[in-house]
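Note: hydrogens, waters and symmetry copies are ignored here, and every other heavy atom, side chains too, is used. Chain identifiers are assigned alphabetically (A, B, ...) following the order of the sequence lines, protein sequences preceding nucleic acid strands; residue numbering begins at 1 within each chain.
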Amino acid sequence: MKYKSIRGTRDILPEEARKRQYLEKVAREIFQKYGYEEIRTPIFEVTELFQRSIGDDTDIVTKEMYTFLDKKGRSLTLRPEGTAGIIRTVIENNLYRQKRITRLYYLGPMYRYERPQKGRQREFYQIGAELIGPDNPASDIEIITLTLELFHVLGLKNLTLYLNSVGCPRCRARYRESLKDYFKDKIKMMCTDCHNRYSLNPMRILDCKEDGDRVYIEKSPKIFDYLCQDCQEQFEKVKEYLHFLKIDYTLDPYMVRGLDYYTKAAFEIKYEGLGAQDTLAAGGRYDRLVRDLGGPDLPAVGFALGVERVMEVIDKEKISLPSGVQTDVYVATLGEEALKESIKLIRELRHENLKVLNDFNPTSLKAQLRQADKWKAKFTLIIGEEELSGKRATVRNMSTGGQETVPFSELKGYLLRNCS
RNA sequence: GUGGGUGUAGCUCAAUGGUAGAGCACAUGGUUGUGGUCCAUGUGGUUGCGGGUUCAAUUCCCGUCAUCCACCCCA
């Protein structure tokens, strides 16, 4: 085969597209209910936007971006996530001035140059939302409950909500120092990856999965003890509200965000048994991003979910989605004249919003009925010489097998009555 | 970026150092014009691509591409 879809990209074939449409429909309904409006931003932006927001030292920026020069030599990048572009447009279009609170949602493809594996493609779809303006922990709760409701409506079970606070740059700096201090004499016993993490980003050590290293990590300082008063209070409130709403969560002091803009409360929703990439959705607060990108000093919270991963769970849990669509009428013809008559009939029936299908090179009636069956037709019209001369059609009810003869002039009414 | 597994018909998969087979799907017939079941017959593959070893490679070796799993990282 000469041409193939490129590495890490996939075609979404009709069957999957149908399932995705359903997921999107559910998401849109929930967003609508919460007052979030859709926003669509370009797939590519200037590279600097992502460097500034996600962070120059993050893996995403240093090795995972699709970056290219355009014909004028400007450095552009395919978006690796959705938040940066949205904050850019919120600032650029002064959206935050129109209402006290800006609630936006988005869905679309994201691009990261990573090694593909289960639940991880180079082109992948995210659905996400941003809540810009409030800093009250109740707004964190809105994002978390919205995410949970989405999964609940889809019928997903066995999900776990993980919660952590990543603090603000101030408490993070203090925490980082204490970690360096703690690991100073232990790092030589740990894996080589951790050696690098130690000098680059000590908080990443907490994410290490080496059993030998876990021993040290478990006794390491916890970020909870290093949060500044502001971050501390915010985190306590979030936990209090979750408790108040009887939403179960697991504290995960080792949860580390891969995007630098996150502050304070951060959360992840995981599904056990998906493999290594088991985070279905993640999000958190990013109070400094709007200002860092040149906007006003506005706090914000948001989340994003990975569409492919959610689809994976829907399949795994055998969640039945609305079944494939039926066809109202299949038109089977015998002979050139009948085919000609059928194109007129089909047109008329489609004007009545009936779903009508046919074969353009009809062969035997048997083959056509087989097609009708494949398309799950409710009725098949049979038009041959007999019918043609009498200006009527044989109408076969595909579920009962019963047949009636109906004049062409009455077909519309007959089918409309029986197809509803 | 690193390590390992896999790549054969549209799909799911067999097989063999002597140029490939099943099930499903598709087509035709059994029924002059009647589907979903059944029976019969048939179409369909340069065995991912390139190179090497060999009289002979789909099989062994190397490379490459893709995919899967894990690391890394993340949604």
Quiz item: Nearest of rA27(B), rA66(B), rA75(B) to any side-chain atom of Arg7(A)?
Solution: rA66(B)
Self-check item: Any strand: nucleotide that pairs with rG3(B) via Watson-Crick or wobble, under 3.5 Å
Solution: rC69(B)
Exercise. Please determine if Lys239(A) forms a cation-pi arrangement with Tyr249(A), meaning its NZ or CZ atom is less than 6.0 Å from the six-membered ring centre and no more than 45° off the ring axis.
Key: no
Quiz item: Contact class for Glu386(A) (heavy atom, under 4.0 Å): base, sugar-phosphate, or nothing?
Solution: base
Quiz item: With respect to the side chain of Ala282(A), which nucleotide from rA75(B), rG33(B), rC65(B) is positioned closest?
Solution: rA75(B)
Quiz item: Can you check whether Phe235(A) and Phe224(A) have ring centres sitting under 6.0 Å from each other?
Solution: yes
Self-check item: Minimum heavy-atom distance between Pro109(A) and Arg79(A), given as atom pair plus value
Solution: O-NE, 2.8 Å
Self-check item: Nucleotide nearest Gln277(A) when distance is taken to its side chain, options rC68(B), rC69(B), rC72(B)
Solution: rC72(B)
Self-check item: Pairing partner (Watson-Crick or G-U wobble, both distances under 3.5 angstrom) of rG33(B)
Solution: none
Quiz item: NA contact type, Gly82(A), heavy-atom cut-off 4.0 Å: base, sugar-phosphate, or nothing?
Solution: nothing
Quiz item: Judged by modelled atom types alone, do Ser409(A) and Arg392(A) share a side-chain donor-acceptor pair under 3.5 Å?
Solution: no
Quiz item: Once you round it to whole Å, what is the distance between C1' of rC74(B) and CG of Leu259(A)?
Solution: 8 Å
Quiz prompt | Base-pairing mate for rU58(B) - Watson-Crick or G-U, with both contacts under 3.5 Å | solution = none
Quiz item: What is the nucleic acid contact for Gly119(A), judged by heavy atoms within less than 4.0 Å: base, sugar-phosphate only, or nothing?
Solution: base
Self-check item: Criterion salt bridge (charged side-chain N to carboxylate O under 4.0 Å, His left out) against Asp328(A), the qualifying member of Lys376(A), Arg350(A), Lys355(A), Lys378(A)
Solution: Lys378(A)
Quiz item: Between rC71(B), rC74(B), rG35(B), which nucleotide gets closest to the side-chain atoms of Gln117(A)?
Solution: rC71(B)
Quiz item: Name the one of Glu142(A), Glu130(A), Glu37(A) that satisfies salt bridge (charged side-chain N to carboxylate O under 4.0 Å, His left out) with Arg103(A)?
Solution: Glu142(A)
Quiz item: How long is the line joining CD1 of Ile6(A) and P of rA66(B), in whole Å?
Solution: 9 Å
Practice problem: Under a 3.5 Å limit for both distances, which nucleotide forms a Watson-Crick or G-U wobble pair with rA15(B), could you say? | Solution: none
Quiz item: Looking for any heavy atom pair under 4.0 Å, which part of the strands does Glu268(A) touch: base, sugar-phosphate only, or nothing?
Solution: nothing
Self-check item: Whole-Å distance separating the CG atom of Asp57(A) from the C1' atom of rC72(B)
Solution: 17 Å
Quiz item: Partner of rG63(B) by Watson-Crick or G-U wobble geometry, both contacts under 3.5 Å, or none?
Solution: rC49(B)
Quiz item: With respect to the side chain of Arg370(A), which nucleotide from rU67(B), rA75(B), rG35(B) is positioned closest?
Solution: rG35(B)
Practice problem: Pick base, sugar-phosphate or nothing for Ile127(A), based on heavy-atom distances below 4.0 Å to the nucleic acid. | Solution: nothing
Quiz item: Do the numbers put Arg20(A) on top of the ring of Tyr125(A), so that NZ or CZ is under 6.0 Å from the six-membered ring centre and no more than 45° off the axis?
Solution: yes
Exercise. Give a yes or no on whether the ring-centroid distance for Phe31(A) and Tyr105(A) is below 6.0 angstrom.
Key: yes
Exercise. Check every strand shown and say whether Glu387(A) touches a base, only sugar-phosphate, or nothing at a heavy-atom separation below 4.0 Å.
Key: base
Exercise. Would you tell me if any nitrogen or oxygen in the side chain of Ser364(A) comes within less than 4.0 Å of OP1 or OP2 on rU34(B)?
Key: no
Exercise. Between rG3(B), rA66(B), rG35(B), spot the one nearest the side chain of Arg115(A), thanks.
Key: rG3(B)
Quiz item: Given rC73(B), rC74(B), rU67(B), which nucleotide is nearest the side-chain atoms of Arg112(A)?
Solution: rC74(B)
Self-check item: Interatomic distance, Leu369(A) CG vs rU34(B) C1' [rounded to whole Å]
Solution: 5 Å
Quiz prompt | Mate of rA27(B) where both pairing distances stay under 3.5 Å, Watson-Crick or G-U | solution = rU41(B)
Practice problem: Check every strand shown and say whether Thr58(A) touches a base, only sugar-phosphate, or nothing at a heavy-atom separation below 4.0 Å. | Solution: nothing
Quiz prompt | Distance in angstrom units between Asp278(A) CG and rC71(B) C1', rounded | solution = 15 Å
Quiz item: What is the nucleic acid contact for Ala332(A), judged by heavy atoms within less than 4.0 Å: base, sugar-phosphate only, or nothing?
Solution: nothing
Practice problem: For Gly401(A), report the nucleic acid contact type (base, sugar-phosphate, nothing); a contact means any heavy atom under 4.0 Å. | Solution: base
Quiz item: Can you tell which of rG29(B), rU34(B), rC73(B) lies closest to the side chain of Arg120(A)?
Solution: rC73(B)
Quiz item: Which one, rC65(B), rU34(B), rA70(B), comes nearest to the side chain of Gln403(A)?
Solution: rU34(B)
Practice problem: Rounded off to whole Å, could you give me the CZ-to-C1' distance for the Arg122(A) and rC72(B) pair? | Solution: 14 Å
Quiz item: For the pair made of CG in Leu305(A) and P in rC74(B), what is the distance, rounded to whole Å?
Solution: 18 Å
Quiz item: Does Gln371(A) place a side-chain N or O at less than 4.0 Å from the phosphate oxygens OP1/OP2 of rA27(B)?
Solution: yes
Practice problem: Would you state whether a donor and an acceptor, one from the side chain of Lys366(A) and one from the base of rG30(B), lie under 3.5 Å apart? | Solution: yes
Exercise. Select one nucleotide: of rG35(B), rC68(B), rC65(B), the one nearest the side-chain heavy atoms of Lys118(A).
Key: rC68(B)
Quiz item: Atom CZ of Arg20(A) and atom C1' of rA75(B): how far apart are they, to the nearest Å?
Solution: 13 Å
